[in-house]
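All residue numbers in this chain count up from 1 along the given sequence. Remember, predicted model here, so these are calculated numbers, not experimental data.
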Amino acid sequence: MIDPWGSEDVKEEKLMNEFGIEKFSGFSGKIPDNLLMRRGIIFGQMDFGKIADCIKNRKKFVMMTGLMPSGAFHLGHKIVADQIIYYQKLGAKIYLCVADVEAYNMRLASLEKLRRIAIEEYLTNYIALGLRPKNCDFYFQSNRSSSSAKANAYYRLISMIPKKVTLNELKAIYGDLSPGKIISVMHQVSDILHSQLKEFEDKGPVVVPVGIDQAPHLRLTRDVAARFSQAKEFDFILPSSTYHKFMKGLRGGKMSSSDPTSFIALTDGPKTAREKIIKHAFSGGRDTVEEHREKGGVPEVDISYQMLYYMFEPDDKKIKKIYEDYKSGKILTGELKQILTEKIAKFLIEHKEKREKARDKVHEFIS
Ligand code: TRP
């Protein structure tokens, strides 16, 4: 069982069977190139064939995902942002949901504060990373739309979902339940399905890129969709999904907004980022230079290497060389960290400029 609200690290591959998730690798190379796909960071998928088909034949589809506003926007969040922007460039209609109802019920924050974090941290950084207002429907669970026909359709769907699930089914999926969890799940199912209502885009393929922790929600949503269709109440195509690995935190655990020593924020200055990497980034290097030269480092557990692999060294030949040189002991931890800090500094400086411009564009996303 996966607890979507828990903090434990889930071993990705192990869970693929349990949730009927299949390998993503077959699609890489068949659709426009993407680093996360090519490098296996997006490792799993469900029903992605439909989406690959839409991309190839330039057919309409929706990409929908959600965010929990939880503080600083960090490198882990960038993995989702990059996917959203990738699909938007391919012509997908983007549905981007701020899970403020979920965050309000599951965490200690006011709706007002959550709204501020969602806009100032998430939306602003998304825009700076390349999100465009055209074909992007950015919304809050607590305030779906200024159109009452749309808002009613979204909330009506939420109010009908309980009829399609049983308490035992929810318990089997989520373990311990609480009213907050139940209401969060009902919202998320509607988030994923409502683009197919006639008030929105009507029936059509939807892809939901998420981390593996969201797999339980996706499975439930597919079951609910099938039951609505079977009862002829709605006619839904079962949603597709992809699963990505998380960028690990600096010290090797989870990258979490609640622990500044675990993350590099996109608002960190190059100096702060450098200090964090030198001080906290878990090293796969050996205790002494002699030992390192002799045995070589372990890139697989080295966080600096992983940051390069996940996002900061997009050139496959170069990352391979770094891997080999580190593993053979040719480069030391300090040198590896130097390569990373230079790349991150360059990114953060450019990003800061883009973020300042992005602030003026926020209003184009929220009506
Ligand atoms: N539960 C998700 C999270 O914890 C947020 C979310 C809400 C979501 N609605 C969604 C994710 C719909 C994907 C699709 O991050």
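- The closest side-chain heavy-atom distance from Thr221 to Pro239 is below 4.5 Å.
- The CG atom of Asp302 sits 9.0 Å away from atom CG of Leu308, with the distance rounded to the nearest 0.5 Å.
- Under the 6.0 Å cut-off for aromatic ring centres, Phe234 and His194 do not qualify, their centroids lying 6.0 Å or more apart.
- The backbone N or O of Pro260 lies less than 3.5 Å from a partner atom in the side chain of Lys276, making a donor-acceptor pair.
- Taking Phe73 as the reference, His77, Tyr122, Tyr126 meet the ring pair (Phe, Tyr, Trp, His ring centres under 6.0 Å) condition, with sequence neighbours excluded.
- Glu342 pairs by the salt bridge (Lys or Arg N to Asp or Glu O under 4.0 Å) definition with nothing, not counting sequence neighbours.
- Taking Thr261 as the reference, Arg251, Asp259 meet the side-chain hydrogen bond (donor to acceptor under 3.5 Å, both in side chains) condition, with sequence neighbours excluded.
- Taking the centre and axis of the six-membered ring of Tyr155, the NZ or CZ atom of Arg144 falls outside the cone set by 45° and 6.0 Å.
- For Phe24, the ring pair (Phe, Tyr, Trp, His ring centres under 6.0 Å) partners at least two apart in sequence or on another chain are Phe27, Phe48.
- Ring pair Tyr174/His217 is tilted by interplanar angle, where 30° to 60° counts as tilted.
- If you take OG1 on Thr267 and CZ on Arg355, they are separated by 5.5 Å, rounding to the nearest 0.5 Å.
- The pair Lys295-Glu291 counts as a salt bridge, with a side-chain nitrogen and a carboxylate oxygen less than 4.0 angstrom apart.
- For Asp33, the CG atom is densely surrounded, since the number of other residues' heavy atoms within 6.0 Å is greater than 12.
- Contacts of His187 classified as ring pair (Phe, Tyr, Trp, His ring centres under 6.0 Å), with partners at least two apart in sequence or in another chain: none.
- For the residue pair Ser142 and Asp100, a side-chain donor N or O sits within less than 3.5 Å of a side-chain acceptor on the partner.
- With contacts defined as side-chain heavy-atom distances shorter than 4.5 Å, the pair Gln83/Thr65 does not qualify.
- Pairs engaging residues 260-287 under the ring pair (Phe, Tyr, Trp, His ring centres under 6.0 Å) rule: His74-Phe263 [sequence neighbours left out].
- The cluster map of Ile, Leu, Val, Met, Phe, Trp and Tyr, joined by side-chain heavy atoms under 4.5 Å apart, puts Ile161 and Val208 in the same cluster.
- Here Lys346 pairs with Glu350 under the side-chain contact (heavy atoms from CB on, under 4.5 Å) rule; sequence neighbours left out.
- Between Lys164 and Asp223 no salt bridge is recorded (no basic side-chain N to carboxylate O distance below 4.0 Å).
- Residue pairs meeting the side chain to side chain donor-acceptor pair (under 3.5 Å) criterion with at least one member in residues 84-99, sequence neighbours excluded: Tyr95-Glu201.
- Looking at Thr124, its side chain never comes within 3.5 Å of a backbone N or O of Glu121 through a donor-acceptor pair.
- A 6.0 Å sphere centred on OH of Tyr154 holds more than 12 heavy atoms belonging to other residues, nucleotides or ligands.
- With sequence neighbours left out, the salt bridge (Lys or Arg N to Asp or Glu O under 4.0 Å) criterion links Lys163 to no other residue.
- Remark: aromatic rings of Tyr305 and Tyr326 are distant, center separation not under 6.0 Å.
- The structure places CG of Leu75 at 10.5 Å from OG of Ser262, a figure rounded to the nearest 0.5 Å.
- Of the possible polar contacts, one joining the His244 side chain to the Val210 backbone as a donor-acceptor pair under 3.5 Å is found.
- Note that CG of Leu250 is 5.0 Å distant from CD1 of Ile264, once rounded to the nearest 0.5 Å.
- How far CD1 of Ile212 is from OG of Ser241: 9.5 Å, rounded to the nearest 0.5 Å.
- Surrounding CD of Glu300 are more than 12 heavy atoms belonging to other residues, nucleotides or ligands, all under 6.0 Å away.
- The distance between the ring centers of Phe138 and Phe140 falls below 6.0 angstrom.
- By the 4.0 Å N-to-carboxylate-O rule, Asp53 lies close enough to Lys59 to be salt-bridged with it.
- In this structure, Lys352 places its NZ atom where only 12 or fewer heavy-atom neighbours from other residues, nucleotides or ligands lie under 6.0 Å away.
- Ion pairing of Glu324 with Lys330 is absent here, as no side-chain N (NZ or NE/NH1/NH2) approaches a carboxylate O to less than 4.0 Å.
- Summarising the geometry, atom CE belonging to Met311 is positioned 8.5 Å from atom CD1 belonging to Ile344; distances are rounded to the nearest 0.5 Å.
- At distances below 3.5 Å, not a single donor-acceptor pair connects side-chain atoms of Ser28 with backbone N or O atoms of Ser25.
- Of the residues listed (Ser258, Ser70, Pro69), the one engaging Arg107 in a side-chain contact (heavy atoms from CB on, under 4.5 Å) is Ser70, and it is the only one.
- Within the 4.5 Å cutoff, the side chain of Met63 has no heavy atoms near those of the Leu90 side chain.
- Following chains of ILVMFWY side-chain contacts shorter than 4.5 Å, one cannot reach Met64 starting from Leu96, and the two form parts of different hydrophobic clusters.
- Within the 3.5 Å criterion, the main-chain N or O of Asp176 finds a donor-acceptor partner in the side chain of Lys181.
- Under the rule for a salt bridge (Lys or Arg N to Asp or Glu O under 4.0 Å), the partners of Asp47 that lie at least two apart in sequence or sit in another chain are Lys50, Arg222.
- For Glu335, the salt bridge (Lys or Arg N to Asp or Glu O under 4.0 Å) test picks out no residue, with sequence neighbours left out.
- For Glu22, the side-chain contact (heavy atoms from CB on, under 4.5 Å) test picks out Gln45, with sequence neighbours left out.
- Nearest approach of Lys30 to Gly26, heavy atoms of both residues: NZ-O, 3.1 Å.
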